[in-house]
Each structure stands twice: as C-alpha cells, then as structure tokens.
Protein chains: 2
Amino acid sequence: MGITERKEREREEMRHLILNAAQKLFLENGYEKTSIRGIADVIEYSPATIYLYYKDKNELLLALHVVAFQKMMQEFSEVAVVENSFERLVSLGKQYIKFAIENPGLYDLMFIMQAPIEALACKDEVWEDGMKSFDFLRIIVTECKNKGHFRENLDVDTVCLTIWSYMHGLITIYLKNRMDMFEDDRQMDRMQESFQLFIEMLKVSFK
Amino acid sequence: MGITERKEREREEMRHLILNAAQKLFLENGYEKTSIRGIADVIEYSPATIYLYYKDKNELLLALHVVAFQKMMQEFSEVAVVENSFERLVSLGKQYIKFAIENPGLYDLMFIMQAPIEALACKDEVWEDGMKSFDFLRIIVTECKNKGHFRENLDVDTVCLTIWSYMHGLITIYLKNRMDMFEDDRQMDRMQESFQLFIEMLKVSFK
DNA sequence: AAATATACTAAACAGTGTTTATTAAAAACA
DNA sequence: TGTTTTTAATAAACACTGTTTAGTATATTT
C-alpha cells in the first residue's frame, strides 16, 4: 500500500512550495511584506492551508532560517581552500561579512529576529544551526592554536565568542543603518579599516 | 496675548503625556504590545488624538529613543570619576553592558530597530544621539592615546568603531538569545570572560 | 455503494497603524 | 454681547495582520 508514502511525499512537496514562496517574498520584499496572506496568494492556496503544513508563522520562519544557514554554510566551505589557518580565519570573516551584506534579510532572521528562536523553544529544541556554524569557527580557531598562530593558554570558546561578537556587531551596526552617523560615504571603507585593525589585534595579542 | 503660549504649553504637556504612556507600556510589556490603541487607552484619549501630536508611530518611537539616549548618557556620566583613562574606558564598557541588560527594550530601540532611523530620514535629520554617545567614546579613546595607553599611530575613529562593534555584538548575541547555543547556564560568565579577553586585547595590541 | 477520513477554504475573530468626516468647545471678530 | 472662525477630539472606517472555526468537496477505506 504506497498511498501513505505518496501522501507523505505530497505533504513534503507542499511544505516546499510554501517555503519557496516564503523565501521569494522574504528576499524580494523583506520581512515586513512577507505575510501569510501574501504567501497564500503566490502559491494560489487559501491562507488557512498554510496552517495545515506549518504550526504558525514562527515555525515557517524557522524553516526559512534553516535554509538560510544551509546557504551560509555552503559559502563558508569555500574558505577550506586557504592553506594557512590564520588566513583561513580571516577568509571566514570576509565570507561572513559578504553573506550578511548580500543577504541582509536572512542575516536578520538568523541572528537578530526572535521568531525562529521562539519556534525552537516551543519544540523544546536547541539552536543546532547556530551551534554548527559556531563549530566551524571553533575548528579554525583550534587549528590556529595548534599551528602556533595563537598561544596555548587561550580558551577557544572565549576567543570564538569574542571574534563572533565583533563580527556580528560590525555587521548589525552597518545593516541597521547606525553607520549613517558618519556623515561621509565611507561606510564600507570604515568597515574594512576596522576589520583590518581587528585582524591585527588578533595577530598581536594572541601570539 | 498669552493664549498662544498657553496653547503651546498644553501641546507640550500632551506630547509628554503620550510619551510617558508609551514609555510605560514599552518598559512593562515590550515593543510588541506597545500599540497606539494601548497608549490611547492608558491616557484615556482616542487613538486618533495621538496623531495630532505625533506624525506616526515612527516619530513617537523616535521621541522615546531620544529619552532612552538621555538615560544612557546620564548613566555614562558616572564613569567620569575614574581617574585612569584606560580604566575609564573599561568602566564605560561595563556601564554599556549594564544599561543594555537592564533596558533591553530601549537598547533595541536605540541600536537595532529601524523605526527611529526611518523617522529621522523622513525629517532629513542626522542621528545626533548616536553621534553624541559615540563622541563620548571618542573622547576617552583620544585620552587613552594622549596618556600613552594607546600608541600614537592609531586612528581614533577606527578604534572606536571596533570597540563599539565588539560591545554591540556581544550584547545583541545575548539579548537576542543567541547564547542559548551554549547549553549550560554560564551565559553571563562567558560574557564576562569575553569582555576581559577583549580588554586584554586592547591593552596588548594598542600599546 | 455507503461510510469514513482527508484536503481545502470561506468567513470570522481579534488585533494592528492610519485617515476621514463629524462634533463640541474655545478663540477671534464684529 | 452675538456671530463667525478656528481648534481639539473622536467615532467610524480602511486596509492590513496572524490565526481559528465550521463547512464542503474529494479521496480513501470499508
């Protein structure tokens, strides 16, 4: 009896259809204009149908959040080609900035919005995507220690949290338009200068 | 003819009344539950009345954002008692973290939400509150250079942006529940450890 | 062929920010 | 003073939002 299997397949297809429409609206018009009704319009189903496949909007946004992390992790994999482990860390930083600037809406969903975190809390699940990407950083920092770029007595987790905090802060100050404070049009330059300075700080103080 | 003066005074009182109600709701129930209708209920006026005193919700949130900056700057003034300029910088960092954790809603409004920035853009104004608080940091960093804590060839603006980025990142990772990733209940400890590490980084690499 | 289960939706509920037309009161003018 | 004009406030509506409920076709099982 393959009916239940077909049903399950159709259900998964429908979930995909909804998720793709959500992604389309999210990337095109941003978060504000990604409404359940809007998604329903795109897929030509009634709004209520969406609730047969996702518990609520938070869960739908969580699904989108998972896709976003997959995309980021894939772009991260490009840094693997860099031989030197410290240079690989620098490369990861550049990729992180690049991803955030090219996908501001997704970055918001991944690291700022409460919706996906609330959805996880509802399901009593942990933030696995966050953990995996943090692990990516952790591995590189660990290798920086092993290869002698960073001294031995540094706590890897503390170093990672410090690096991530800096990167996340720089990016959100930029994305949330708080660099408009600098009244020139050197925002991008200023970010690059700060990033270079931070790299120097790592190099000098972790030696 | 003191009628226009009285009218202006009454108008200002009404703006205050609205702003206070907004602040009350914002601090008690957070952003989501701070609605125009909710504010109207508190002050016992109709929702439409609020629009006679504030152009829209963004402008009201901008007014609240101004109050928030006043509060933060007042708390910042406490660090003036610290003699050593580098220690004053450390103190400022601690005050910044303290303010953010004690006033997460206000911090959101000041540094993450788009509403006040959009309201400013509408009025063709610059982010003066942001500039003033950044100046506070700039002055202390400048003195760190003058007193020999930081070397001479560092660009003050770049240093300030780097410090602010780190602080802002650490705080938002915490406030937006992205530290739930660490499955222990040492979140606060981890923040402190990272903060200490960053202070050491400044001390060592800017010498 | 009849009974049951599934997939879907129209309509409603309870919210949101905002605008418009209307009314009551205050100020200005004659 | 009485009349006109300006001002302040609001009820009601508009166009949205996420979500739930009750009802209807369709598909599956008995």
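Protein chains get the first letters and strands the later ones, always in sequence-line order, with residue 1 at the start of each.
Summary of helix geometry: the two end axes of the helix from dA1(C)-dT30(D) to dC29(C)-dG2(D), each defined by five base pairs via their C1' atoms, are inclined to each other by 20° (rounded to 10°).
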Pair up each side-chain donor or acceptor in residues 43-53 of chain B with any protein partner under 3.5 Å, not counting sequence neighbours, and list the distances.
unit_1 : atom_1 : unit_2 : atom_2 : d
S46(B) : OG     : A48(B) : N      : 3.2
T49(B) : OG1    : S46(B) : O      : 3.4

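For the segment residues 55-67 of chain A, the set of residues with a heavy atom within less than 4.0 Å of an atom of DNA chain C is empty. Less than 4.0 Å separates DNA chain C from no heavy atom of any residue of residues 14-35 of chain A. For the segment residues 38-50 of chain A, the set of residues with a heavy atom within less than 4.0 Å of an atom of DNA chain C comprises Y45(A), S46(A), A48(A), T49(A), in numerical order.
The pair D135(A)-R138(A) meets the salt-bridge criterion, with a side-chain N (NZ, NE, NH1 or NH2) lying under 4.0 Å from an Asp/Glu carboxylate O. Between E28(A) and K33(A) there is no salt bridge, since no side-chain nitrogen of the basic residue lies less than 4.0 Å from a carboxylate oxygen of the acidic one. For E193(A) and R186(A), the salt-bridge test passes: some basic side-chain N is under 4.0 Å from an acidic carboxylate O. A salt bridge links E102(A) and K98(A); the closest N-O separation between the charged side-chain nitrogens and carboxylate oxygens is under 4.0 Å.
Of the residues near DNA chain C, I36(B) and E10(B), the one whose nearest nucleotide (by heavy atom distance) lies more toward the 5' end is I36(B).
Enclosure of atom CZ in F134(A) by more than 12 non-hydrogen atoms of other residues, nucleotides or ligands within 6.0 angstrom is indicated. The 12-atom threshold is not exceeded at CD of Q74(A), counting heavy atoms of other residues, nucleotides or ligands nearer than 6.0 Å. The local environment of CG in D185(A) is sparse, with at most 12 non-hydrogen atoms from other residues, nucleotides or ligands closer than 6.0 Å.
One side chain, Q187(A) or D180(A), offers a donor N or O that lies under 3.5 Å from an acceptor on the other. Side-chain contact, Y107(B) with H168(B): a donor N or O sits under 3.5 Å from an acceptor N or O. S194(A) and T162(B) share a side-chain donor-acceptor pair at under 3.5 Å.
With rounding to whole Å, E5(B) atom CD is found 14 Å from dA27(C) atom C1'. Here dA5(C) presents its P atom at 18 Å from CG of L52(A), a figure rounded to the nearest Å. The nearest whole Å value for the distance from the OH atom in Y51(B) to the P atom in dT20(C) is 13 Å.
You won't find any donor-acceptor pair under 3.5 Å spanning the side chain of R37(B) and the base of dG15(C), going by distance alone.
Note on Y53(B): only backbone sugar-phosphate atoms sit closer than 4.0 angstrom, heavy atoms only; bases stay farther off.
Each of V156(A), V159(A), T142(A), L89(A) was checked for a side chain to side chain contact (heavy atoms under 4.5 Å, CB included) with L137(A), and the lone residue meeting it is L89(A).
Under the side-chain contact (heavy atoms from CB on, under 4.5 Å) criterion, Q196(A) pairs with no residue, sequence neighbours left out.
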